[in-house]
J.: 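My questions will all concern the structure given below.
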Amino acid sequence: MDPFSSSSSSLSSGASGSSGPSAEAMMDQLKAQLAQAYAEEFLETVRSKCFEKCITKPGTSLSGSESSCISRCVERYIEATGIIGRALFSSPR
C-alpha cells in the first residue's frame, strides 16, 4: 500500500451517519504519513552519507575503524538534526 492510499476503516470518524472521515482523523493520518516519510528519508540520508564517508573498501564485513566511524557519524547526524529541529520549533514566528 502506498503512503497516500487509505482504507475507509482507518479514516472513519466513528460517528454514526457520518458521510466521510472527520477533519481530525484526516489530519492524524496525514501526520502519521508525514512522520513515516520523514523517518524513511532520514534513515536513507544517514545511511548514504555515513557509508560514503566511512566505508573505504566495501567487503563482507566492517573493520573496527569503519564500525567506529559509522557509529560516530550516525550519532553526529542525529545530534545535528535534533539541534536544527529545536532551533526551528523554538524560534518565534
J.: Following the transitive rule for hydrophobic clusters with a side-chain heavy-atom cut-off under 4.5 Å over Ile, Leu, Val, Met, Phe, Trp and Tyr, establish whether F42 and L34 coincide in one cluster.
T.: no
J.: What are the two closest heavy atoms between K53 and R76, and how far apart are they?
T.: CE-NH2, 3.5 Å
J.: Quickly, which of S61, S67, S65 forms a side-chain contact (heavy atoms from CB on, under 4.5 Å) with S63? Name it, please.
T.: S65
J.: Applying disulfide bond (SG atoms under 2.5 Å apart) to C54 and C73, what does each step give before you reach the verdict?
T.: CA-CA 8 Å; C54 297; C73 179; 4.9 Å; no
J.: Could you measure the distance from the NZ atom of K31 to the CE atom of M27? Nearest 0.5 Å is fine.
T.: 5.5 Å
J.: Same cluster for Y38 and L30 if Ile/Leu/Val/Met/Phe/Trp/Tyr side chains link at under 4.5 Å?
T.: no
J.: Run the salt bridge (charged side-chain N to carboxylate O under 4.0 Å, His left out) test against R47 and tell me which residues pass, sequence neighbours left out.
T.: E44
J.: Within this structure, what is the CD1-CD distance for the pair I84 and E79, rounded to the nearest 0.5 Å?
T.: 11.0 Å
J.: Please lay out, stage by stage, how I70 and I55 fare under the test side-chain contact (heavy atoms from CB on, under 4.5 Å).
T.: CA-CA 8 Å; I70 292 216; I55 310 300; 3.7 Å; yes
J.: Show, in sequence, the C-alpha distance, side-chain angles and deciding distance for V46 and K49, and conclude whether the side-chain contact (heavy atoms from CB on, under 4.5 Å) test is met.
T.: CA-CA 5 Å; V46 169; K49 290 193 181 295; over 6 Å; no
J.: To the closest 0.5 Å, what do you measure between CG (L43) and OH (Y77)?
T.: 10.5 Å
